[in-house]
Every structure is written in C-alpha cells, then in structure tokens.
Amino acid sequence: MRLDYLTIFPDFFGPLELSLPGKAAASGLLDVHVHDLRTWTHDRHRTVDDTPYGGGAGMVMKPEPFGEAFEALGIGAGDTIVFTTPSGERFDQRLAEELATRERIVFACGRYEGIDQRVIDHAREVAEVRELSLGDYVLNGGEVAALAVTEAVVRLLPGFMGNAESLVEESHGASGLLEYPVYTKPRTWQGREVPDVLLSGDHGRIAAWREDQARRRTARRRPDLLHPSVLDDGTPIVRAVPGDAGELLTLQRACWVQEALDNDTLDIPALHESLDDVVAWMQEWDTWVVRRAGRLVGAVRGKMEGDAWDIGRIMVAPDLQGSGLGRALLDHIQAVAPEQATSYLLFTGEGSARNRRMYRKAGFRLRADLPAPPHAVVLTKPRR
Ligand code: 6GU
C-alpha cells in the first residue's frame, strides 16, 4: 500500500517512522511519502491560505497548491483521497477495513477553517474521495486524524500483525461489543485479585464470563452499540437541537392538557411553561426527539440527579398515543443513561393510569417514601 500525506506540517508525520508502520515500511509492505504542501506555492511567503469569500472568521486553504500537488503526485483513477475534517463522515472500524483494501491512499490534511470546496469537487473527478472525521470534537488540524486513520488501517493489512488472532477478539470487532477486561501476572497486585474464573482452566466458563463482561461493559459505556436509536419501523430517535424548542413546546402543551384532565388539576408546571422555559431546560437535559414525515411527534429527556438518571417529559403526539412510541422512548432514554447511573427515577401524574401501567410493565415501582409534587408520584427502577 502506498500512502501520501499533503500537509503544511510534515514534522507531524515523524511518528510514522516508529513502531509498527515503520517496520512495515522497512519490509516493503508500506510505501510512505510525506509532502510539504508549500512545495506547490510560488510566492515569496509560500502562502497556502486566504480569507473566505462571503466573510467570516478564520482562513481557508487555497485550491492551487492542492491542485498542483494532485497532478505532481500523479493521483488518478484507482487512488483514494482522504480529506480529514471535523465535518466529514465518522471514521470507524468498518471504514478502516474498507480503506485497508486500497492500493494507494492520499491524505489531504486541512488546517484553518477548511479547504476551498473546489479542491474536493475536483478530487472527486480524478479519484475516490472520502471526507473523514474522528469524532464529534475539533482538532486544530487534520494531521493527527490522518495518523490515527493510518494506524487503524495499516494494522489490518495482511502480514502486518504478528498475531492475526488478536484482530478477531477486539473492541469494534465482529462481535459488535467492546472488549472484556484483561489481566496478567501477578495474581495479586496491591491487594487486588485476578477474577477466579480466569484461573479455573475451564475454557467454557472463561468464554461465557468474557462474553458477559463484554455485554455489560458495552451496555454501560456504549449503549448505542447495543440499541441503535431507531423505532421498529426504522424511524430514528435523535438528539434534540435548539431549533426543536417551538415544536417541543407545542407537543408539551398537547400532552399536558391531557395530563391535566386525567388528574383533574391545572397545577402542573409543565402545562404553563413558555418557549423560554423550554429553551432553558433543553440546555440542562439530554433531550431526544422523534419525527414522522418531518413532524415532531415524540420526545423524552434525561438528567443525572445524584446517582439516579432522572427521566421525564415522555411526550407522544395525541394521535399516536397507544402506538408503542412512549415505551420506545422510555426504553431509549434508559439505554442512553450515563455509565455512573445506578438507578432510574421518574415522576408521573397520580391519576395518569395509562402511563403508570406502562412504567410498571417497564419495571418501575412506586416510591411512597420519596417526596413528590402535588398530584404526582415518584417511581424508581434499579439499573441492571
Ligand atoms: Cl479529521 N480534523 C479536525 N481538524 N478535527 C477533527 C477531526 C478531523 N476529527 C475530529 N475532529
């Protein structure tokens, strides 16, 4: 595999000489080329960026150096150009496996506010293009991301790993689970013991223990891997964005009018909230919504309260109540509770018989010992 890096910081790629990629390069498995993008500038200052058309903060990387570099490097059909950018597709193990099949990958590392869009549009006409992001955070530049992608891809090349078996049982491997905890000698360290089962010599029991640990760990740390956030029909449950506030307010009023009738009271704070109130609580709560044909038809929110995950505002549009959407929202918000939550907590109207049946079925129990607002009851459920 041939790897090219286009960057204004070639020194970032020093680590490629080290460790495994270095050995692979030495053995001929990898052919690595790092290029200073300023090679393809022609002014005295070797300028690679300029101000954005249309105004705005920051600088944009100019198109010409990239264009000349693609030409000078003979990039063409069959090659893959990876642009590393926080606005790219999320890089994952599946993508690493795909990239590991390529003959040549060229990494174009963005800095500043990004690369002139025409570079990417042009690149698509000469090669395969992937715009990749490592995750939902912003790095100063794409160099570290290009290194991370390189390391994930290169270790998958046949002949790269001394022990190919270690590729099978690992986090993000075929099982779809995170890896189980591992231990080595000594048996006792600082008063901590290795779990007995691992010393039992019983391979069946060991495999079962590891599978169980992997499941628990995944459920706690990465519930999204176990429960893709979708309803039975594939409709996604997604995080609310600030622009959802107005529709949330409308849905909330519709739901809490029903709640007021069921409980024969107007003394329900959620019934009287304003748009500003909704905007304010959305900043504090992890809020999720469901849209059908563009319309916001369901929502739920969660927040840590001590060790408990406080669940609330499970809302379903009146015409969809009884369809199972409420239960799906309840299941979802439990699945996305932070790892440190040890129980779930929720409040519901004392007279809301249908809701109380759903909560009961889902494993929630009345807690008469805990304080509740007027006309409401508190329910809790331990986390497994
Ligand atoms: Cl690929 N680039 C930058 N600049 N920031 C990132 C990233 C990439 N992935 C996550 N954050």
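Because only heavy atoms are used, hydrogens play no part in the values below, and waters and symmetry mates are left out as well, while side chains stay in. Order of listing sets the numbers, starting from 1, for every ligand and every atom in it. Since we're looking at a predicted model, the values are computed, not measured.
Remark: Arg104 does not engage Glu128 in a salt bridge, criterion side-chain N to carboxylate O under 4.0 Å. The existence of a salt bridge linking Arg38 and Asp43 is excluded, since no basic side-chain nitrogen approaches an acidic carboxylate oxygen closer than 4.0 Å. Ion pairing between Arg356 and Glu350 fails under the 4.0 Å rule for side-chain N and carboxylate O. Salt-bridge formation is detected for the pair Asp4/Arg2: a Lys NZ or Arg NE/NH1/NH2 atom is positioned less than 4.0 Å from an Asp or Glu carboxylate oxygen.
The Thr84 neighbourhood of ligand 1 comprises atoms 1 (Cl), with distances under 4.0 Å to a heavy atom of that residue. Interface atoms of ligand 1 facing Ala145, defined by a heavy-atom separation under 4.0 Å, are 1 (Cl), 8 (C). Every atom of ligand 1 with a heavy atom of Leu132 under 4.0 Å away is listed here by number and element: 1 (Cl).
Relative to the six-membered ring of Trp256, Arg313 meets both conditions, a distance below 6.0 Å and an angle of at most 45° to the axis.
Distances shorter than 4.0 angstrom do not occur between any heavy atom of Gly88 and any atom of ligand 1.
If you look at Tyr137 next to ligand 1, the close heavy atoms, those under 4.0 Å, come from the backbone and the side chain alike.
For atom 4 (N) of ligand 1, the nearest non-hydrogen atom of the protein is Leu139 O, 3.1 Å. Of the protein's non-hydrogen atoms, Pro86 CD, 3.5 Å is the one closest to atom 2 (N) of ligand 1. Protein heavy atom in closest approach to atom 9 (N) of ligand 1: Leu134 N, 2.8 Å.
Note: Phe13 and Tyr5 have tilted aromatic rings, judged against thresholds of 30 and 60 degrees for the angle between ring planes.
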